[in-house]
Amino acid sequence: MPQPMACRGAEHESATTRRLAVLLTTVGLISGFSERTVTAQGIDPSPYALVGTATQAGGPVAWPDGAPAETKLERILEAWAMDDGFAGAVIATRASKTVLARGFGMASYEHGVPNTAATRFPTGYLARQFTAALIGRLADRGLVELDRTVGEYVPITGPASRPTLRQLLANVSGLQQNLFLYTDKSPADAFVDLRELLDAASQAEMLAEPGQSYEFSGPEGSSVDGILLAAVIEHVAGTPLSVAMRREVLEPLGMMDTGFLHPRATVKGLAAPYMRLFGRLEPYPSTDYSYLPGAGDMFSTVADLERFFRLVLAERALGEAVREAVRASLGPIEFSVVDGALVRDAGDAGKAPRHRYVDSNGWMRGSSILLSYYPERGDLLVVLSNVHRGAQVYDIRRRWTRLLFDLPVGLPLPKMRKSFWQLALSADPGGAAARYRELAGTAGGADLPLRDEIMFHIRELRRRGALDQALAIADVYVALEPDFWLAHWEMGEVLRARDAHEAAQNAYLRALQLDVPLGRERQFMEQFLARFSPPEQET
């Protein structure tokens with residue numbers, strides 16, 4: 001068995017050769033930035049802007065005296081939009097009163113259409129909350145019970161029949177969520193109907209006992225749990241999911257700008273999808289959502305989403321069963337404020353008071369979404385973005401939370417983001433990691449979404465066959481996160497794509513030493529190591 005993180009040897013190109021090749025490519029990438037990229041001029045690259053200020057053209061600019069959290073958030077989003085770092089719409093409420101509702105960036109850069117609070121976006125994983133509300137409506141009528149199993153409502157057998165509806169809602173079914181392990185189709189293929197999807201989902205393997213392990217989704221956002229919930233709804237309601245959803249949830253709540261992304265339908269006012277690659281935006285390939293019933297095949301506006309969560313969670317407009325089902329699908333997160341930092345587990349023994357929020361966030365093929373609701377305060381934040389993954393939704397949540405609790409937050413420094421990517425592409429992982437940490441200082445020490453962007457860049461470059469560049473970015477990821485299993489997994493995936501099997505083994509071994517959770521990645525690495533490791537010699 002090879003030793004963890006051993007030298008890659010000849011299979012890992014020399015630093016000089018790699019640096020020259022990548023740098024030449026970098027020059028081409030930087031000079032070829034899209035014409036629509038807007039650069040914030042005159043930004044001082046110093047990372048040491050005072051907390052609560054930003055260094056812009058003309059010198060330091062402080063927050064307006066007494067500026068509320070929503071004004072500061074708006075300034076942050078404007079700064080990101082100036083650098084093409086953010087495009088989308090945001091709505092924020094304080095004590096259940098709307099204090100910010102507007103769009104940023106463009107819904108279509110090609111046609112010059114700006115985003116507004118009325119722009120429609122794919123809802124991504126927030127569709128699960130609509131599905132949960134519909135399950136709650138059926139439970140309120142006595143047609144389903146949250147603690148009964150899938151097999152009691154849908155004629156299937158095997159592991160997929162075992163989880164309860166509550167476990168499906170909470171993503172703790174224990175089932176393997178990678179739908180495409182059980183079908184010869186890919187995410188680019190349209191599925192005929194729910195029956196075809198159910199045939200694949202019903203073959204899902206059990207990775208852990210129901211209720212014991214959290215497994216959110218599979219590749220490309222595929223969700224076996226969502227398909228099973230949709231099948232339960234259609235079997236019980238006797239109508240297609242879209243019809244039942246509109247009748248039971250959308251119309252009673254007055255959600256006129258929410259609906260389903262059917263493969264052959266054109267949604268008026270839907271934002272065009274983009275992805276951010278090395279500081280520029282590119283159109284994202286067209287997407288088919290037919291493989292995501294119950295878990296990501298819907299569109300909405302921030303205004304409709306604010307209405308949904310306010311009425312369901314705060315005002316209980318559809319009843320307690322609906323609220324219970326939606327809350328089951330939104331895991332509560334507890335944190336404390338200690339010495340100016342947000343800490344998840346510092347409230348024990350009276351050290352600091354605990355606070356709670358419920359959260360749903362993620363990305364879905366050309367879009368990013370965020371919901372954060374603070375039930376103790378009645379504060380809600382909803383973000384919909386038409387930029388894939390690198391749309392700062394995680395950083396928006398972190399900064400918003402700090403602002404709500406009067407913790408220091410600085411304006412972002414866009415030029416530093418671009419310099420980070422230049423360092424990363426020039427095969428300088430140490431310099432890129434240092435710049436990353438400087439950027440983190442502008443968020444009051446909060447982790448930055450660059451980590452998520454890094455992962456996306458590695459995968460996108462690997463998909464395009466740009467393996468030298470992918471390896472350079474993977475080096476940065478490992479330098480940033482040496483004790484994070486996912487960094488070593490991504491490194492292993494790039495090395496495997498280069499047929500550097502021994503080096504890939506070392507990366508996978510290191511990942512497994514860092515406590516990889518149960519799931520497809522762990523299963524694959526163990527199988528890979530078993531396949532390529534030489535048999536132990538008898539003594």
Note to self: What's the separation between atom OG1 in T258 and atom CZ in R120, rounded to the nearest 0.5 Å?
What the structure shows: 8.0 Å

Item checked: Side-chain heavy atoms of S300 within contact of F121, under 4.5 Å -> no

Notebook entry, point to check: For Y284 and S367, does a side-chain donor sit closer than 3.5 Å to a side-chain acceptor?
Noted result: no

Check: D257 and T301: side-chain donor and acceptor closer than 3.5 Å?
Finding: no

Item checked: Ion pair check, E78 and K72, cut-off under 4.0 Å -> no

Check: Side chains of F130 and S329: does their closest heavy-atom pair fall under 4.5 Å?
Finding: no

Notebook entry, point to check: Is there a side-chain contact between L305 and I91, using heavy atoms and a 4.5 Å cut-off?
Noted result: no

Next item on the list: In plain terms, say whether R327 and E324 are close enough for a salt bridge, that is, a side-chain N and a carboxylate O under 4.0 Å apart.
Entry: no

Margin query: With rounding to the nearest 0.5 angstrom, report the CG to CZ distance, L514 to F484.
Written below: 10.0 Å

Notebook entry, point to check: Does the R310 side chain pair with the main chain of S96, one donor and one acceptor, at a distance under 3.5 Å?
Noted result: no

Item checked: Check against side-chain contact (heavy atoms from CB on, under 4.5 Å), M256 and E251 -> CA-CA 7 Å; M256 306 306 295; E251 290 180 356; 5.8 Å; no

Note to self: A side-chain contact here means heavy atoms from C-beta on lying under 4.5 Å apart; do M298 and P122 qualify?
What the structure shows: no

Item checked: Non-hydrogen side-chain atoms of Y477 and L486 separated by less than 4.5 Å -> yes

Notebook entry, point to check: Taking all atoms of both residues into account, what is the closest heavy-atom pair of P283 and M275, and its distance?
Noted result: O-CE, 4.1 Å

Note to self: Run the side-chain contact (heavy atoms from CB on, under 4.5 Å) test against A107 and tell me which residues pass, sequence neighbours left out.
What the structure shows: V113, N115, T119, A271

Notebook entry, point to check: Do D483 and R510 sit within salt-bridge range, that is, some charged N less than 4.0 Å from a carboxylate O?
Noted result: yes

Checklist line | Between D225 and S223, a side-chain donor and acceptor under 3.5 Å | finding: no

Note to self: Within the structure provided, determine whether L471 and M491 are in side-chain contact (heavy-atom separation under 4.5 Å).
What the structure shows: yes

Note to self: Working note: L380 + F309, criterion side-chain contact (heavy atoms from CB on, under 4.5 Å); need CA distance, chi angles, decisive distance, verdict.
What the structure shows: CA-CA 8 Å; L380 174 71; F309 287 105; 4.3 Å; yes

Item checked: Shortest non-hydrogen contact from S385 toward F86 -> CB-CE1, 4.1 Å

Next item on the list: Please step through side-chain contact (heavy atoms from CB on, under 4.5 Å) for the pair R356 and I333, ending with a clear verdict.
Entry: CA-CA 6 Å; R356 290 187 307 139; I333 298 172; over 6 Å; no

Next item on the list: Drop me the distance from S222's OG to Y291's OH, to the nearest 0.5 angstrom.
Entry: 7.0 Å

Next item on the list: Please step through side-chain contact (heavy atoms from CB on, under 4.5 Å) for the pair V478 and H488, ending with a clear verdict.
Entry: CA-CA 6 Å; V478 171; H488 299 281; 3.7 Å; yes

Next item on the list: State, to 0.1 Å, how close Q129 and V326 come at their nearest heavy-atom pair, and which atoms those are.
Entry: O-CG2, 3.7 Å

Notebook entry, point to check: Where is the tightest heavy-atom contact between D304 and G254, given as atom of each residue plus distance?
Noted result: OD1-O, 4.3 Å

Notebook entry, point to check: Does the cation-pi check pass for R377 over F405, that is, NZ or CZ under 6.0 Å from the six-membered ring centre and within 45° of its axis?
Noted result: yes

Checklist line | Flag side-chain contact, heavy atom, 4.5 Å: D359 against S372 | finding: yes

Notebook entry, point to check: Rounded to the nearest 0.5 Å, what separation is found between the CG atom of D297 and the CG atom of L292?
Noted result: 6.5 Å

Margin query: So L381 and V90, do their side chains get closer than 4.5 Å, heavy atoms only?
Written below: yes

Margin query: Can you tell me how the ring of H355 sits relative to the ring of F335, calling it parallel under 30°, perpendicular over 60° and tilted otherwise?
Written below: tilted

